[in-house]
There are 4 protein chains.
Amino acid sequence: MTGLLWPGDDRCDGLLTDDALLAAMARVETAWLAALVETSVAPASVAVDLVKLLEPGDTVTVASAAESSGTPVLPLLDLLRSRLDGPAAEWLHKGLTSQDTLDTALVLGLREACDRIRHDLAAQVASLAALAAAHRDTPRAARTLTQPAVPITFGLTVATWLGGVLDAAPQLTAAARLPVAIGGAAGSLAAATALSPVEDLVSHAADHLGLPPALPWQTRRGAITRLGDALTGLTDAWAHIANDVLTASRPEIGELAEGTGGASSTMPQKRNPTLSVLIRRAALAAPGLSATLHTAAGEQRDERADGAWHVEGDTVRTLARRTVIAGSQTASLLRDLTVDVARMAANLAAARPGVDAEQTRVTGNADGPYRGVTDAIIDAALRRAEVFRAAAR
Amino acid sequence: MTGLLWPGDDRCDGLLTDDALLAAMARVETAWLAALVETSVAPASVAVDLVKLLEPGDTVTVASAAESSGTPVLPLLDLLRSRLDGPAAEWLHKGLTSQDTLDTALVLGLREACDRIRHDLAAQVASLAALAAAHRDTPRAARTLTQPAVPITFGLTVATWLGGVLDAAPQLTAAARLPVAIGGAAGSLAAATALSPVEDLVSHAADHLGLPPALPWQTRRGAITRLGDALTGLTDAWAHIANDVLTASRPEIGELAEGTGGASSTMPQKRNPTLSVLIRRAALAAPGLSATLHTAAGEQRDERADGAWHVEGDTVRTLARRTVIAGSQTASLLRDLTVDVARMAANLAAARPGVDAEQTRVTGNADGPYRGVTDAIIDAALRRAEVFRAAAR
Amino acid sequence: MTGLLWPGDDRCDGLLTDDALLAAMARVETAWLAALVETSVAPASVAVDLVKLLEPGDTVTVASAAESSGTPVLPLLDLLRSRLDGPAAEWLHKGLTSQDTLDTALVLGLREACDRIRHDLAAQVASLAALAAAHRDTPRAARTLTQPAVPITFGLTVATWLGGVLDAAPQLTAAARLPVAIGGAAGSLAAATALSPVEDLVSHAADHLGLPPALPWQTRRGAITRLGDALTGLTDAWAHIANDVLTASRPEIGELAEGTGGASSTMPQKRNPTLSVLIRRAALAAPGLSATLHTAAGEQRDERADGAWHVEGDTVRTLARRTVIAGSQTASLLRDLTVDVARMAANLAAARPGVDAEQTRVTGNADGPYRGVTDAIIDAALRRAEVFRAAAR
Amino acid sequence: MTGLLWPGDDRCDGLLTDDALLAAMARVETAWLAALVETSVAPASVAVDLVKLLEPGDTVTVASAAESSGTPVLPLLDLLRSRLDGPAAEWLHKGLTSQDTLDTALVLGLREACDRIRHDLAAQVASLAALAAAHRDTPRAARTLTQPAVPITFGLTVATWLGGVLDAAPQLTAAARLPVAIGGAAGSLAAATALSPVEDLVSHAADHLGLPPALPWQTRRGAITRLGDALTGLTDAWAHIANDVLTASRPEIGELAEGTGGASSTMPQKRNPTLSVLIRRAALAAPGLSATLHTAAGEQRDERADGAWHVEGDTVRTLARRTVIAGSQTASLLRDLTVDVARMAANLAAARPGVDAEQTRVTGNADGPYRGVTDAIIDAALRRAEVFRAAAR
């Protein structure tokens with residue numbers, strides 16, 4: 001549903017869509033059947049690949065029938081059972097509860113989202129490191145509260161952008177380690193344990209899905225809020241870049257430009273900084289979404305919340321998709337960014353002598369360089385970038 | 001995209017979907033062509049119904065091409081032009097800018113959303129009025145901070161719910177009066193006026209769309225924030241009802257129950273208060289969305305904002321759709337709500353003598369009735385309900 | 001507590017502070033005693049002015065003792081009773097509940113906040129109207145997505161700002177009509193009615209406080225959310241002005257400047273656009289606060305919510321104070337705004353021929369004026385301003 | 001300012017108040033003077049303890065003069081200079097910018113807030129571990145979507161609460177490591193480096209303040225958003241506990257009670273679960289505040305943002321103080337929580353046979369225990385608690 005009104009949406013094709021989630025739910029149920037078989041709880045004939053049973057149109061059917069139980073799991077089970085015969089229909093979902101299926105399906109999609117973002121982070125970091133190194137000595141006026149402050153170099157600006165991205169990245173790495181989410185009716189795994197007192201069905205299912213095993217976390221939603229916070233933290237960092245590009249690409253300033261500008265439907269001359277606009281857009285919306293995840297986490301109640309769980313899926317899915325898009329757009333923006341060194345110098349010159357006033361006050365004149373720890377900052381950012389890229393390889 | 005993870009989504013079928021918005025965009029361009037013809041600016045052959053030119057799959061095509069210009073309008077125009085010949089291709093969109101087409105298309109969808117909500121509001125008000133009247137004298141314990149407070153009647157509780165809904169409704173009525181949103185490249189309608197110096201093209205186009213005319217409001221986004229606030233205000237009011245149903249349908253309390261409970265995927269005995277859960281869900285998410293609309297309104301800049309406009313469409317569309325769903329669910333909830341008068345009386349009796357302590361302190365005993373202005377509150381709510389229903393007819 | 005970290009706080013001196021609220025709570029209890037006497041429920045000796053009993057240090061005493069009952073009302077009553085003798089100590093607060101006292105005290109403060117804002121709105125509107133009229137014909141480049149779009153006049157820009165403010169003002173006027181908030185233990189006024197079956201104690205108390213009477217609204221919090229929305233809507237409108245001033249006061253653009261710039265602690269040359277910075281700051285924070293008010297309204301439960309009411313007071317007080325400050329700062333900003341007509345013309349000239357491309361495409365050349373409905377927009381804004389100022393007088 | 005309207009505020013006495021922040025700002029300037037002396041940049045006479053120069057009333061003076069420069073630092077410097085003579089007045093603040101002083105002062109206060117919270121976390125964890133161990137086998141009905149689900153033990157409920165708290169704690173530990181925040185006029189430390197080309201003044205100052213050194217982070221605000229997210233994550237976890245206590249302390253359920261209930265101003269019988277109400281209150285407000293911190297982080301621009309920095313201080317201070325209060329209240333709540341084992345058993349019995357339906361369906365009868373991995377969950381939580389407490393010692 002978000003495609004038309006969220007330009008760039010196709011950068012996120014197939015990820016966490018309704019179709020993808022329905023298939024992921026079928027994957028979870030498939031893994032559970034396999035676990036039941038492997039542990040000799042169920043007969044071998046039960047090990048069916050349910051994903052293959054899905055048909056075009058199922059998503060609409062399931063979605064339409066989801067309201068009465070409050071989740072799409074029950075109608076999916078009904079539909080799958082109608083296409084299974086014999087014991088598989090009977091064993092399907094035995095020992096699970098709806099939340100298990102939906103949460104674990106979401107985990108699969110969210111982990112893929114994190115992977116995609118990390119891929120784009122590596123590209124961003126490479127571009128930023130190259131820009132910081134290339135412009136280590138490119139003079140430019142720092143601006144504070146919109147006004148020229150002191151001379152800096154564009155390399156310092158880029159090292160700060162890079163530092164912001166590298167500050168935010170570890171939270172994603174940590175939050176991306178989402179484990180399997182299976183707890184049974186009330187988080188005690190009572191039914192699963194009754195079916196298989198010796199073997200751990202959850203570990204078997206997790207293995208099949210390539211997920212780490214975990215004790216139930218049905219009402220401990222920190223894993224979701226931490227992911228939301230990590231995604232929003234990234235968008236924050238990207239938005240600083242976008243904001244600076246937007247300011248600097250105003251023709252009166254003219255220091256930066258997007259590689260390819262965006263067209264207007266009525267003004268032929270327009271080359272709009274569209275990627276920056278769209279990245280900034282994502283940052284304006286993300287805090288409201290991650291706040292909703294926190295509100296939901298704080299509204300947990302009993303052994304399954306009465307609405308707080310239900311608001312989470314669509315919220316975190318939207319946030320994850322938008323962050324994937326913004327991350328990809330930021331990688332594109334940085335790859336093609338155009339730097340006008342001459343305009344930087346000209347704007348700095350025009351800001352004189354005011355922009356030299358601090359130096360004059362402190363050192364008596366404005367004759368020497370006034371770089372402070374610029375090189376230390378750039379070097380530190382480049383080292384961190386190198387470490388990040390080595391880890392990402 | 002939201003169907004699977006937002007159970008009840010089919011209550012909002014076809015409204016403000018990508019397909020619906022694409023068609024609405026074509027309607028806006030159609031109206032503009034008609035206006036150009038009517039005012040003799042363009043030849044009669046230009047009056048084409050563009051909606052008929054749309055084909056299945058166009059939404060995906062347009063959405064995929066939206067990023068470079070930051071909106072879906074330009075790719076839609078490309079596609080329409082490829083299917084038009086001669087002067088219509090040339091006159092298409094002349095005098096408009098992308099924001100005009102998209103904003104006015106959204107206006108069409110948002111007005112329909114408001115209409116649907118008002119329809120469900122009328123049903124809610126009817127149910128609430130009937131419940132308030134029927135239970136004017138049904139004794140019940142008031143609870144404050146979760147603890148029994150003083151005796152009230154269930155009619156008072158319902159009258160308060162009804163009052164909350166009626167308090168929120170006028171904001172929707174006011175906010176629903178969204179006008180046409182056409183301003184041209186920079187909100188001065190310069191191109192349109194150059195094309196037609198005498199006649200007001202915008203009024204003609206608005207007429208075709210059944211919308212009130214209006215001066216440009218491209219960066220004055222109060223119309224959107226007020227709608228968001230109105231929608232959130234309604235969800236707030238419905239959530240109070242849902243919260244009370246959720247509490248009272250706990251079996252230990254047992255005073256209220258949903259008409260049809262929702263099933264569980266693993267627990268056969270379950271009759272979950274699913275509608276209340278889903279209404280409550282909507283209320284947890286709405287404030288974050290309307291806050292984003294305000295953030296966007298406060299981030300307006302220049303004659304078209306650099307991201308703040310772009311975040312608005314998908315946000316308000318999501319909020320509107322969810323409010324339509326929650327409003328319909330609330331109507332269903334109230335229509336079928338089951339009241340257990342005996343349990344209300346039993347819980348009140350069990351709370352004695354504590355629940356009578358205030359009365360005893362104030363009047364010396366707890367012998368007489370202790371209704372205060374209960375009847376005045378119920379009567380006032382019923383009168384307001386009558387006025388509302390008369391206006392809604 | 002917010003003074004040091006919210007520069008400009010002294011524009012809001014004494015409003016809705018802890019001291020002011022404690023006095024207002026005493027005023028509410030005083031009005032209630034007066035009502036009891038007037039209706040012959042209590043003896044004449046009970047009509048004490050409790051505000052006079054307050055002493056320096058009481059605020060700290062009361063605040064420190066507020067936790068156990070969850071509100072400051074009970075400790076205030078304890079303190080007042082210790083300073084009263086005889087019947088007044090006994091009659092104090094009889095028939096009220098804590099929420100009545102605190103909510104009505106807040107209402108008194110919030111109404112004063114609205115009055116102050118309206119006063120500053122009148123000044124803003126006067127400045128904006130003068131600017132719009134003075135610069136009706138001052139040529140300037142419109143910018144969309146940060147890039148030059150088409151020629152406009154600065155008067156159009158100002159008329160849009162003015163329109164935004166005038167769009168937001170009526171919501172404040174409507175929301176400012178907060179009535180007395182007295183409902184008794186559970187919103188039925190049972191105790192008050194038992195004390196005075198014939199006369200309406202609430203109306204008497206409301207009269208004393210200069211407030212409109214009202215039926216209880218203890219859990220219908222739309223009056224609070226509507227006020228929060230109105231305040232946020234104003235801040236949104238002011239932020240658009242601030243954002244445009246911030247952009248245009250960059251020296252590379254140089255079209256606007258604050259009357260008096262702000263100094264830096266280290267850079268002698270700095271003249272920062274501080275008022276715009278501080279107005280913008282308010283707009284970044286307001287949506288989060290009004291969202292919290294909505295969350296609280298949606299978390300109403302029973303006849304007094306278990307936390308949702310308790311979060312409201314400090315949130316709405318902070319939002320109201322900050323809006324008073326931002327409104328006053330906006331009035332100052334606009335009164336002293338400096339317009340550089342020559343820079344506007346120079347920037348427009350530098351944007352040629354691109355900025356004329358739409359006109360050339362539509363009319364074949366860029367020779368004539370290209371004002372569209374600029375004058376209609378300015379005239380409409382000036383008329384609305386006149387109506388507003390007449391109503392404000 | 002928040003005391004009266006935020007009951008429990010005195011649990012946070014003196015922390016991050018205006019007075020405390022003014023003193024902390026003076027501490028930062030003192031440390032800077034000491035660093036200048038230690039590195040032989042300034043004469044020894046300059047090493048003054050500025051905190052001793054502060055007088056009652058300074059906070060008001062400084063706050064009142066903060067608007068024109070947008071921060072309280074400049075007026076504080078003016079005031080200190082008026083009380084210094086000779087070289088100290090001249091050397092004061094040399095090489096710093098206002099943001100350095102204010103950010104580092106905030107860091108000092110925020111670190112203290114984190115320390116206090118960790119202290120209360122240790123107490124919470126001890127209480128929760130004791131409760132989980134004591135009630136490992138206490139039968140109770142799990143509730144999902146408000147309805148009885150399957151039998152569990154109260155120990156499982158507590159282990160889930162404990163797990164939630166332990167999930168959130170590491171984020172606080174990580175976020176609490178806030179370093180010194182000194183970057184000079186534009187984040188390059190140009191002036192400081194010009195004063196002392198060899199020695200690192202920042203490290204010396206950081207040493208004096210007991211803070212880790214750090215390269216400038218003036219526009220990389222992840223350290224602040226991560227702290228905000230960590231604080232909100234804790235409040236989320238505490239709110240789940242509070243919500244469950246609120247539900248279970250309804251007399252119809254009666255399974256839990258606060259140690260000391262809160263009184264009402266009008267209902268003598270009332271023993272309100274006030275601590276839970278107040279903890280819940282904090283959780284309703286925290287997401288809006290941390291969202292504002294993210295919005296501010298995403299609105300960074302240039303080398304010092306034009307408003308986004310200015311909104312941060314008061315927001316994070318409020319969030320930190322409220323979290324300290326809620327953490328302390330949660331420790332009190334848990335220390336004194338009363339558990340009614342008999343009511344748990346009775347409610348479970350009343351929920352039969354429905355509550356046994358899953359077990360019957362899965363195992364054929366409801367005869368044996370149905371604990372699943374309850375003991376594994378409790379044991380894991382107790383082990384994690386032990387590790388946490390060992391680290392906290």
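Each chain gets a letter, A, B and so on, in the order the sequences are listed, and its residues count up from 1.
Proximity to chain B (any heavy atom under 4.5 Å) is shown, for D/Q359, by neither the backbone nor the side chain. For a residue to count as touching a neighbouring chain, one of its non-hydrogen atoms must lie under 4.5 Å from one of that chain's; by this rule D/S276 does not touch chain B. Looking at D/R250, the atoms closer than 4.5 Å to chain B (heavy atoms on both sides) sit in the backbone and in the side chain alike.
Residues of residues 140-158 of chain B that come within less than 4.5 angstrom of chain D, heavy atom to heavy atom, are B/R143, B/T144, B/L145, B/T146, B/Q147, B/P148, B/A149, B/V150 in numerical order.
Comparing B/R271, B/K270, B/E299 by heavy-atom pairs within less than 4.5 Å of chain D, the highest count is held by B/K270. In terms of non-hydrogen atom pairs under 4.5 Å with chain B, the most contact-rich of D/T266, D/D356, D/N347, D/T295 is D/T266.
Here the closest non-hydrogen pair linking D/V355 and B/Q269 is CA-NE2, 4.1 Å.
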